[in-house]
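Here's the structure, in structure tokens; my notes come after.
Within every chain, numbering begins at 1; the chains are lettered A, B, ... in the order of the sequence lines, protein sequences first and strands thereafter. Here the structure is a predicted model, which means the values were calculated and not measured.
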Amino acid sequence: MDILLEHILPTLFKILLIVGPLMLAVAYLTYAERKVIGYIQTRIGPNRVGPWGLLQPIADGLKLLMKEVIFPARSNLYLFLIAPVLAIGPALAAWAVIPFDAGLVLADINAGLLYVLAITSMSVYGVVIAGWASNSRYAFLGGLRSAAQVVSYEIAMGFALVGVLVAAGSLNLSEIVLAQQGGILHWYWLPLLPLFVVYFVSGVAETNRAPFDIAEGESEIVAGFHVEYSGMAFAIFFLAEYADMILISILAATLFMGGWLSPFEGIPVLEGLFSWVPGLIWLLAKTAFFLFIYLWLRATFPRYRYDQIMRLGWKVFIPVTLVWLVIISIAQVMDIGPWFTETAAFAAGGA
Amino acid sequence: MNSLIFYSFAAILLFAAVMVITVRNPVKAALFLVLAFFTSAGIWLMLHAEFLAISLVLVYVGAVLVLFLFVVMMLDIDVAPLKEGFARYLPLGILVAALIVVEMITVLNAPAFDIPAPAVVEESNTRQLGRLLYTVYVYPFEIASVILTVAIVAAITLTLRQHSRKLQDIGKQVAVRREDRVRLVNLRKKQDEGEEKP
């Protein structure tokens, strides 16, 4: 009983505190996507349901709930149903280690970064199994494309994250944020600029978003892996994709943009003026910025050709990360530059 | 509480491992293998080997088995012929299994594995492992990585057949300008010329 009251119930409550707002954010990210892309293409976007169309995501959700879930003939029913679950599970589980503010984290584990990488690498199963279980050529092609793409970009992404942990000297996400203290120029986006770009582009590829959305590729393979899904089963894939987008954005904000730290740190007047803003707000603002880039990319670029995607991942990104890893490792060991001289965690642990 | 978690993990692991070899559908077998890896990662986590546990998930579940699944899905395996040889190979299988069991018993009883209960240390598991790998075991570690690199190069050389491949020069493709592909023809002028002729 004690275990239940002291550990399980508070943890469940905290999980609700994360997942609830996350689902709301997913709903309104779809709204933001349609609005932003609408304005980029000189349209207005949804504006009929509620004021400024604000109730549109709710209406969409209700519609999907009411729709019938159709099971294709000769599909593998068990795997067909488990695929959406495998897609949404990792998309939610990775949020356990994200620090929202100093000390505001569900599980403050030492190997946080590694955990995130491991859990996000599992999200590909949902797509692959959905593609296979549907018993459809188009879905199968989508699943295969996604598997090849995600495995390729995971390597570049992993190397980019290795750069971050060399710079911060820790795998704990809170410690990584604290290692970036000292104002906007001390955040890792500047010293790790190539890794930052590689990380974010790989993140776009990992989440199967445009211009890397060959897994769906509506102009070639109808809707790719989820072509046979309808109703709520389809909605869960949708939720997983958007939750993954938010996760990649919040990770980019945490690892390269100083997480919950204020951007005005170290600037004389502005620092005082904005000191009342809680860290969570800064983190969410940075996350929103990255999400906007996601939508911007989708509205701007045409889809990549499959061989171009593979070439970019293997022949451009991986060499770039390897070279930059050598450079920052040298900078770290030789105490070069303004960024790597005061990494207390590294010195203390290595002694 | 800990032993309860351990036994439930162990039961899931055994169940998944048995399913890997008994289930008829190869894709399902691969998925049960995923479950087996994942639960064994959970058991490692209970031994405070967090780095190893998460790497197991990252490397095997996240990459190796995805490729495995990729291949298995492409093969349209008919299950019945696979089952035919089961009885014929059974004696050989039992022999191999017995050998492995004997080997495991001798190895695990060796003094090197005589480890006391997992020590709970304040310091990060990853940091300890890294320090050991790069100080005490630096040569074995580096030699292992060189061997792996050689293996990668060998595998690529085996699959690379320059003669039969149609190569695309991406640099050329990107450098293409409109003038190279589009020729503007003044149709009006030609039409006029054509009308004059008859």
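Residues of residues 304-319 of chain A that come closer than 4.5 Å to chain B, counting heavy atoms only, are A:R305, A:D307, A:R311, ordered by residue number. Near-neighbour residues of residues 9-17 of chain B relative to chain A, defined by a heavy atom under 4.5 Å from a heavy atom of that chain, are none. When the heavy atoms of residues 139-152 of chain A are compared with those of chain B, the residues falling under 4.5 Å are A:F140, A:L144, A:A147, A:A148, A:V151, listed by number.
For a residue to count as touching a neighbouring chain, one of its non-hydrogen atoms must lie under 4.5 Å from one of that chain's; by this rule A:L171 touches chain B with the side chain only. Heavy atoms of B:L67 lying under 4.5 Å from chain A belong exclusively to its side chain. When heavy atoms are compared at a cutoff of 4.5 Å, B:V27 approaches chain A solely by way of its side chain, counted from C-beta outward. Contacts of B:V34 with chain A are made by side-chain atoms alone, with heavy-atom separations under 4.5 Å and no backbone atom involved.
Interface remark: of the candidates A:V124, A:T120, A:I129, A:I129 forms the most heavy-atom pairs closer than 4.5 Å to chain B.
No side-chain heavy atom of A:I109 sits under 4.5 Å from any side-chain heavy atom of B:E50. Side-chain contact between A:Y115 and B:V57 is absent, with no heavy atoms from C-beta onward closer than 4.5 Å. A 4.5 Å side-chain heavy-atom check between A:Y125 and B:L65 finds at least one atom pair inside the cut-off.
The number of heavy-atom neighbours closer than 6.0 Å to CZ of B:F38, taken from other residues, nucleotides and ligands shown, is 12 or below. Enclosure of atom CZ in A:F159 is not indicated, since only 12 or fewer non-hydrogen atoms of other residues, nucleotides or ligands lie within 6.0 angstrom. The local environment of CZ in B:F70 is crowded, with over 12 non-hydrogen atoms from other residues, nucleotides or ligands closer than 6.0 Å.
With sequence neighbours left out, A:T11 forms a side-chain contact (heavy atoms from CB on, under 4.5 Å) with A:I15, A:L106.
Going from atom CG of B:L58 over to atom CD1 of A:I119 covers 10.0 Å, rounded to the nearest 0.5 Å.
Here the shortest heavy-atom pairing between A:A118 and B:I54 reads CB-CG2, 3.6 Å. Of all non-hydrogen atoms in B:G62 and A:S121, the two that sit nearest each other are CA-OG, 3.4 Å.
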